[in-house]
Amino acid sequence: QVQLVESGGGLVQAGGSLRLSCAALGRTFNGYVMVWFRQAPGKEREFVAAISGSGTKTDYTNSVKGRFTISRDNAKNTVYLQMNSLKPEDTAAYYCAASFGTWQIHSRADGMNFWGKGTLVTVSS
């Protein structure tokens with residue numbers, strides 16, 4: 001069992017930055033694909049970014065490319081999401097997820113094996 005605990009959310013003005021962290025507790029997670037999803041009020045949960053177990057592969061949804069960076073520190077069992085140039089449309093609850101499936105399903109919520117409880121990001125205009 002893996003417990004995922006997100007932190008780093010908060011209120012920020014448009015154009016600002018936040019860094020989300022997701023700590024994996026219970027077992028080492030270097031074999032897992034780690035993924036960030038988000039869900040805005042009244043909308044479906046959507047894929048944001050993913051990183052492979054080794055950290056050599058990353059992927060982003062188009063709306064965050066060039067602004068967000070996903071990274072991981074396997075020694076610390078932690079994955080990060082650096083968010084720059086934030087926009088009001090980035091406002092959402094951000095969820096960390098872990099998958100021991102293949103990279104091919106990294107953007108699918110139904111491919112995740114473990115989920116965190118989420119951290120709220122609010123971007124004011």
Side-chain angles (χ1 to χ4, degrees):
Q1 190 73 10
V2 174
Q3 182 182 2
L4 302 175
V5 181
E6 303 99 333
S7 61
L11 173 64
V12 64
Q13 288 187 334
S17 298
L18 283 174
R19 188 195 198 200
L20 305 184
S21 298
C22 172
L25 309 177
R27 58 189 294 181
T28 56
F29 81 149
N30 54 308
Y32 291 97
V33 174
M34 297 300 296
V35 188
W36 288 97
F37 290 84
R38 67 185 179 187
Q39 188 166 17
K43 295 188 177 181
E44 294 186 353
R45 190 168 298 191
E46 66 170 347
F47 165 75
V48 177
I51 188 166
S52 62
S54 62
T56 56
K57 291 185 286 188
T58 59
D59 188 32
Y60 301 88
T61 192
N62 285 338
S63 63
V64 308
K65 284 181 180 177
R67 300 189 298 122
F68 290 11
T69 302
I70 189 170
S71 62
R72 67 191 295 160
D73 185 338
N74 285 345
K76 296 182 178 180
N77 276 15
T78 302
V79 63
Y80 306 97
L81 186 67
Q82 177 66 44
M83 306 186 295
N84 299 328
S85 302
L86 282 161
K87 304 175 181 180
E89 51 264 44
D90 294 318
T91 295
Y94 283 72
Y95 297 90
C96 175
S99 171
F100 48 70
T102 64
W103 178 249
Q104 283 70 25
I105 61 170
H106 65 266
S107 63
R108 291 171 43 185
D110 62 359
M112 302 299 109
N113 298 100
F114 304 103
W115 289 89
K117 294 183 178 181
T119 186
L120 184 61
V121 172
T122 303
V123 184
S124 63
S125 57

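Nothing here was measured: the structure is a model prediction, and the numbers come from that model.
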Going from CZ on Phe68 to OG1 on Thr61, what distance comes out if it is rounded to the nearest 0.5 angstrom? 10.0 Å
For Thr78 versus Lys76, what's the shortest heavy-atom pair and its separation? OG1-O, 2.8 Å
So, using ring pair (Phe, Tyr, Trp, His ring centres under 6.0 Å) as the criterion, who are the partners of Tyr95 when residues are at least two apart? none
Could you list the residues that satisfy side-chain hydrogen bond (donor to acceptor under 3.5 Å, both in side chains) with Gln104, not counting sequence neighbours? Thr102
Does the separation of the ring centres of Trp115 and Phe37 fall below 6.0 angstrom? yes
For residues 10-25, pull every pair meeting salt bridge (Lys or Arg N to Asp or Glu O under 4.0 Å), keeping only residues two or more places apart or in separate chains. none
Sequence neighbours excluded, which residues qualify as side-chain hydrogen bond (donor to acceptor under 3.5 Å, both in side chains) partners of Ser17? Asn84
Check Ile105 against Ser99 and note the closest heavy-atom contact, atom names and distance. CD1-OG, 4.4 Å
Leu86 and Leu18: side-chain contact (heavy atoms from CB on, under 4.5 Å), yes or no, with the steps? CA-CA 8 Å; Leu86 282 161; Leu18 283 174; 4.2 Å; yes
Would you say Phe100 ends up clustered with Ile70 if hydrophobic residues are merged whenever their side chains have heavy atoms under 4.5 Å apart, either directly or through other cluster members? yes
Check for me, please, whether Tyr80 and Met83 land in the same ILVMFWY cluster - side-chain distances under 4.5 Å, paths through other members count. no
Residue pairs passing the disulfide (SG to SG under 2.5 Å) test with at least one member in residues 34-95, sequence neighbours excluded, are none
Applying disulfide (SG to SG under 2.5 Å) as the test, list every pair that has at least one member in residues 40-74; sequence neighbours left out. none
Check residues 117-125 and write down every donor-acceptor pair under 3.5 Å in which the side-chain atom is one partner and the other belongs to a residue at least two apart or another chain.
residue	atom	partner	partner atom	Å
Thr119	OG1	Gly9	N	3.2

Is there side-chain contact between Leu25 and Val2, with at least one heavy-atom pair below 4.5 Å? no
The complete set of salt bridge (Lys or Arg N to Asp or Glu O under 4.0 Å) pairs with one or both residues in residues 99-112, sequence neighbours excluded, reads Arg108-Asp110
For the OG atom of Ser7 and the CG atom of Leu20, what is their distance to the nearest 0.5 Å? 8.0 Å
Taking every non-hydrogen atom, the tightest pair across Ser52 and Thr56: OG-N, 3.3 Å
Using the test side-chain contact (heavy atoms from CB on, under 4.5 Å), find all partners of Ala98 that sit at least two apart in sequence or belong to another chain. Leu4, Tyr32, Met34, Phe114
What pairs meet the ring pair (Phe, Tyr, Trp, His ring centres under 6.0 Å) rule with one or both residues in residues 40-61, with sequence neighbours excluded? Phe47-His106
Could you walk me through whether Ile51 and Val79 satisfy the side-chain contact (heavy atoms from CB on, under 4.5 Å) test, starting with their C-alpha distance in whole Å, then the side-chain angles of each, then the deciding distance to 0.1 Å, before giving a yes or no? CA-CA 9 Å; Ile51 188 166; Val79 63; 4.0 Å; yes
Quick one: salt bridge (Lys or Arg N to Asp or Glu O under 4.0 Å) pairs with a partner in residues 32-53, sequence neighbours left out? Arg38-Glu46, Arg38-Asp90
Start with the C-alpha gap between Tyr94 and Gln39, add the side-chain angles, then the distance that decides, and say whether side-chain contact (heavy atoms from CB on, under 4.5 Å) holds. CA-CA 7 Å; Tyr94 283 72; Gln39 188 166 17; over 6 Å; no
Starting from Val35, can I reach Leu81 by hopping between I/L/V/M/F/W/Y residues whose side chains sit under 4.5 Å apart? no
Enumerate the disulfide (SG to SG under 2.5 Å) contacts for residues 36-125, please, sequence neighbours excluded, ordered by first and then second residue. Cys22-Cys96
Is a donor on one side and an acceptor on the other found under 3.5 Å between the side chain of Arg72 and the backbone of Val33? no
Once you round to the nearest 0.5 Å, how far does CG of Asn77 lie from CG of Asn30? 7.5 Å
